[in-house]
Amino acid sequence: MGSWRIHGSSPDALAETSGLSREGVRAALTQLGTAGRVGYDIAEAAFFHRELPYDALRAIKDNPRLAAARSLVDIGAVNRTGNLCTVRVGSYSYQVRFDGDRASCACRWWAEYGGGRGPCTHILAAALDRAAHPRENRTI
């Protein structure tokens with residue numbers, strides 16, 4: 001499999017050149033990065049293709065937040081109106097707000113870490129839902 005490098009391309013620039021939505025490109029880069037198939041070289045400001053020496057599906061099994069987010073999307077727990085999402089987990093509901101490149105959540109994880117340890121399950125679920133349905137509002 002060949003490798004590629006896209007110099008100086010932001011997710012916005014990739015969206016523009018590919019004709020995909022910005023949310024879709026960001027979600028795809030997140031998925032590919034989590035699976036070890038794409039990286040970002042800070043020194044060169046470039047995304048690059050990579051293959052890691054392990055099973056790509058292992059990343060999902062080893063990332064409990066991503067696995068939980070996929071489950072939430074699969075059961076239809078994401079309610080979206082514009083840039084605001086409500087993610088229902090059991091008897092609790094969490095508000096996720098998207099503002100351009102940024103997302104925030106009303107959960108304890110986000111309050112404690114603020115994204116410093118990666119996105120919470122609710123932001124991941126909302127981002128996956130937005131990537132799967134970029135132009136439609138979804139209500140539960």
With rounding to the nearest 0.5 Å, note down the distance linking SG in C107 to CD in Q95. 11.5 Å

Should the heavy atoms of other residues, nucleotides or ligands under 6.0 Å from CG of D99 be counted, would the total exceed 12? no

So, applying ring pair (Phe, Tyr, Trp, His ring centres under 6.0 Å) with H122, which one of W110, W109, Y92, Y94 is it? Y94

Taking CD in E16 as the centre, count heavy atoms belonging to other residues, nucleotides or ligands within less than 6.0 Å. Is the count above 12? no

Identify the two heavy atoms, one from A15 and one from V25, that lie closest to each other, and give their separation to 0.1 Å. CA-CG2, 3.6 Å

How long is the span from the CG atom in L66 to the CG atom in L128, to the nearest 0.5 Å? 6.5 Å

Nearest heavy-atom pair of V78 and A126: which atoms, and what distance? CG1-CA, 4.2 Å

What's the separation between atom OH in Y113 and atom SG in C120, rounded to the nearest 0.5 Å? 12.5 Å

What pair of heavy atoms forms the shortest contact from T121 to A68, and how long is it? CG2-CB, 3.7 Å

Hey, mind stepping through H49 and V38 against side-chain contact (heavy atoms from CB on, under 4.5 Å) and telling me if it holds? CA-CA 5 Å; H49 174 258; V38 72; 6.0 Å; no

With side-chain contact (heavy atoms from CB on, under 4.5 Å) as the test, would you mind laying out the steps for V96 and L84 before giving the verdict? CA-CA 6 Å; V96 174; L84 181 66; over 6 Å; no

Test side-chain contact (heavy atoms from CB on, under 4.5 Å) on L14 and L29; report intermediate values, then the result. CA-CA 10 Å; L14 290 171; L29 289 171; 4.0 Å; yes

So, the side chain of S71 versus the backbone of A67: is there a donor-acceptor pair under 3.5 Å, distance only? yes

When rounded to the nearest 0.5 angstrom, what is the spacing between CZ in R130 and CG in N83? 5.5 Å

Salt bridge (Lys or Arg N to Asp or Glu O under 4.0 Å) partners for R65, two or more places apart: none

Shortest non-hydrogen contact between R88 and G76, atoms and distance: NH2-O, 4.5 Å

Which distance, rounded to the nearest 0.5 Å, do you find between the CZ of R26 and the CG of L20? 12.5 Å

In Å, rounded to the nearest 0.5 Å, how long is the span from CZ of R70 to CG of L124? 10.0 Å

